[in-house]
Every structure is written in C-alpha cells, then in structure tokens.
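Numbering starts at 1 and runs along the sequence shown.
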Amino acid sequence: GDSLALAQWAAKTEADIIVMCGVHFMGETAKVLCPDKKVLVPDLNAGCSLADSCPADKFAEFVKAHPGYTVISYVNTTAAVKAVTDVVVTSTNAKQIVESFPKDEKIIFGPDRNLGNYINSITGREMLLWYRLELAIARDKGKVVELKAQYPDAVVLAHPECKSVVLKLADMVGSTAALLKYAVNSDKQRFIVATEAGILHEMQKKCPQKTFIPAPPNDSTCGCNECNFMRLNTLEKLYNCLKYEFPEVTVDPEVAREAVKPIKRMLEISAKLGL
C-alpha cells in the first residue's frame with residue numbers, strides 16, 4: 001500500500017512484530033505508532049532522498065523563524081521532523097487535510113516543494129514552502145510530450161511530486177493508490193505513467209489487458225522514478241529479517257512521543273473525511 005494505507009495498517013495490527021518492506025521513514029512511522037511492538041526493515045540502508053533533504057535541525061529553525069504558522073509535513077520525513085510538525089499528510093490526503101483548515105490559516109508545508117506548489121495551485125492557498133533542493137520525482141516534459149505524440153490515445157497519469165510542467169500535461173494527478181484505482185476503473189487501454197515505476201507491476205497485474213508506459217526521468221532526477229532505496233528490499237533480506245528478527249527500527253522515546261501526535265492527527269482527520 002501507499003504511505004497512508006501502511007500507516008493505517010500499522011496502527012490497527014495486533015501482531016507483536018511488524019516488518020516494513022519499505023524505506024526507513026516508513027519503519028519509523030510504524031514504530032512511532034506502535035512503540036511497544038518490534039518493527040523491522042529488511043535493510044536499514046533503505047533511506048529516502050526527500051527525507052534526507054530536510055534535516056530536522058534546519059527545519060526546526062525554519063519553523064521557529066515563522067511563529068504562528070501551522071506546520072504540515074509530508075510523510076516522507078524523519079521522526080525528528082514529524083516531532084516539530086502539527087499534522088502529517090500523504091499524497092493521498094494532502095489536499096483534503098489542507099482544506100480542512102480555515103482559508104486564512106498560515107501554513108508551513110514541507111519538505112516537497114512540488115507537492116506543496118501543486119496543493120497551492122488547486123486549493124488557492126498560499127502555504128509557505130520549506131526551501132529544499134529539487135529532489136522529488138523529476139520528469140522531462142519533452143519526453144512526456146514525445147510519448148503522448150507517439151501514443152495519442154494514451155492517458156497520462158502523474159504523481160503530484162512531479163514538476164508542474166508535467167502535471168499540466170496529465171489527465172489524472174493523484175497518489176500511487178489513486179492512480180492505480182483510476183487505471184483499474186478506466187475504460188482506456190493505454191496509459192503513460194509518471195511516478196515510481198514499481199507501480200506499473202501492480203497496474204499490469206490488475207489490468208493484464210491494458211498497456212502501461214513508464215514516463216522516462218530527466219537527467220536531474222534523484223532516482224525516485226526508479227527508487228534504488230526501495231529496491232534494497234529483496235526476498236532474501238526479508239527471509240533473514242523474519243528468521244533473525246533483525247534489523248530493528250528504533251526511535252528515541254522523547255522524539256516518538258512528539259512525532260506520534262501529527263501522525264495520529266492525520267489518521268483522525270482522514271477517518272473523519274472518509275479517506
């Protein structure tokens with residue numbers, strides 16, 4: 001599942017051990033939600049360029065420099081960043097959660113500027129965006145245009161982390177889960193997909209009769225289109241993880257006590273909105 005679905009599953013499981021086959025911040029989120037459970041990840045080196053682009057100390061300074069702002073952080077952040085956040089969002093619920101606040105609410109949004117700009121554009125908000133390097137999913141508009149010319153009947157699906165020039169070309173913008181659902185329910189037969197390429201496997205599995213074409217990244221991408229960190233999770237590592245109950249994700253208890261608050265607030269708002 002996507003980050004929201006995985007967080008929801010972690011929050012409700014009765015299992016004593018959670019194995020998170022994802023990147024490190026996902027394991028941290030599960031541990032923060034379930035401090036009494038053992039949380040394992042197949043490879044502790046599975047990090048996230050976006051999370052790494054937002055050091056907790058720098059983000060805390062940014063928040064401190066703007067008093068009176070509500071802090072909304074993308075889930076792709078460390079537990080330490082979540083600890084100075086008011087509410088966490090995912091690409092699935094970011095728009096709805098932002099809109100749940102009054103229109104005149106002063107909001108800091110970080111760390112993904114692409115997602116923040118997209119939310120601003122579709123909600124009319126003027127959220128203050130955390131400055132960071134452009135490390136989100138990067139796509140070459142020219143390549144997408146070329147693919148669209150080559151396959152004029154294709155529907156363009158794009159994740160909101162893509163740059164605005166690509167989002168403007170998209171027929172559907174949404175989270176990984178939303179794009180998958182759209183592809184399954186659509187009567188179209190060909191899709192150009194601008195997001196992490198791993199989702200194409202699930203799309204093809206659910207829609208074997210349809211064609212899915214990955215949108216190529218440009219040279220400046222951080223690798224999110226083919227997430228090398230996510231691909232550190234292998235079947236062999238999962239086997240050893242289950243066998244030896246290692247490696248384990250740990251979060252400082254003091255950090256965890258603060259970080260769980262915005263995560264629980266996200267889950268509460270999402271439940272209230274029926275997400």
Side-chain angles (χ1 to χ4, degrees), residues 2-4 7 25 29 48-139 158-168 170 172-179 194-195 222 224 258-275:
D2 61 11
S3 296
L4 175 59
F25 79 80
T29 301
C48 174
S49 299
L50 181 55
D52 291 344
S53 76
C54 185
D57 57 342
K58 299 297 183 184
F59 188 70
E61 290 176 6
F62 185 76
V63 170
K64 188 176 180 180
H66 299 87
Y69 278 73
T70 295
V71 182
I72 298 179
S73 291
Y74 194 31
V75 70
N76 296 47
T77 48
T78 64
V81 168
K82 292 180 175 73
V84 293
T85 294
D86 294 303
V87 59
V88 169
V89 298
T90 71
S91 55
T92 301
N93 59 25
K95 173 181 179 292
Q96 294 90 332
I97 287 181
V98 167
E99 288 185 325
S100 73
F101 289 93
K103 288 187 176 181
D104 59 352
E105 186 90 6
K106 296 192 295 183
I107 296 174
I108 288 174
F109 186 93
D112 192 299
R113 291 184 72 87
N114 289 341
L115 179 58
N117 278 321
Y118 174 68
I119 298 301
N120 276 342
S121 70
I122 61 175
T123 63
R125 303 289 176 124
E126 295 182 355
M127 297 186 298
L128 180 62
L129 306 182
W130 155 256
Y131 52 86
R132 69 169 185 85
L133 299 176
E134 289 298 332
L135 288 176
I137 298 172
R139 300 282 170 179
H159 193 281
E161 284 185 34
C162 290
K163 291 183 177 180
S164 59
V165 291
V166 174
L167 296 180
K168 289 176 182 177
M172 164 63 178
V173 177
S175 67
T176 304
L179 297 182
T195 187
C222 72
C224 291
E258 295 303 316
V260 73
K261 296 175 184 177
I263 299 173
K264 285 186 174 180
R265 192 172 182 190
M266 172 189 72
L267 295 176
E268 290 167 359
I269 295 174
S270 295
K272 185 178 181 180
L273 296 175
L275 301 176

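With sequence neighbours left out, E99 forms a side chain to side chain donor-acceptor pair (under 3.5 Å) with K95. Take T92 and apply the side chain to side chain donor-acceptor pair (under 3.5 Å) test, not counting sequence neighbours, and it matches D2, S175. Residues meeting the salt bridge (Lys or Arg N to Asp or Glu O under 4.0 Å) test with K58, sequence neighbours left out: none. By the salt bridge (Lys or Arg N to Asp or Glu O under 4.0 Å) test, E268 is found to be paired with no residue, residues two or more places apart in sequence or in another chain being considered. Qualifying ring pair (Phe, Tyr, Trp, His ring centres under 6.0 Å) partners for Y74, counting only residues two or more places apart in sequence or in other chains: none.
Taking the side chain as every heavy atom from C-beta outward, L273 and N93 never approach each other to under 4.5 Å. Contact check for N76 versus P111: no side-chain heavy atoms found under the 4.5 Å cut-off. Side-chain atoms of F59 and V71, non-hydrogen and from C-beta on, do get closer than 4.5 Å to each other.
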List the steps and the verdict of side chain to side chain contact (heavy atoms under 4.5 Å, CB included) for K82 and V75. CA-CA 8 Å; K82 292 180 175 73; V75 70; 4.3 Å; yes
Please walk me through it: do L129 and N120 pass side chain to side chain contact (heavy atoms under 4.5 Å, CB included)? CA-CA 10 Å; L129 306 182; N120 276 342; 4.1 Å; yes
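Aromatic ring orientation, Y69 versus H66: perpendicular (interplanar angle above 60°, classes split at 30° and 60°).
What you find for V81 and S73 is that their closest heavy atoms are CG1-OG, 4.0 Å.
The backbone N or O of V88 sits nowhere less than 3.5 Å from a side-chain atom of R265 that would complete a donor-acceptor pair. Not one N or O on the side chain of S270 forms a donor-acceptor pair closer than 3.5 Å with the backbone of L267.
Counting only residues at least two apart or in different chains, ring pair (Phe, Tyr, Trp, His ring centres under 6.0 Å) contacts with residues 77-113 are absent.
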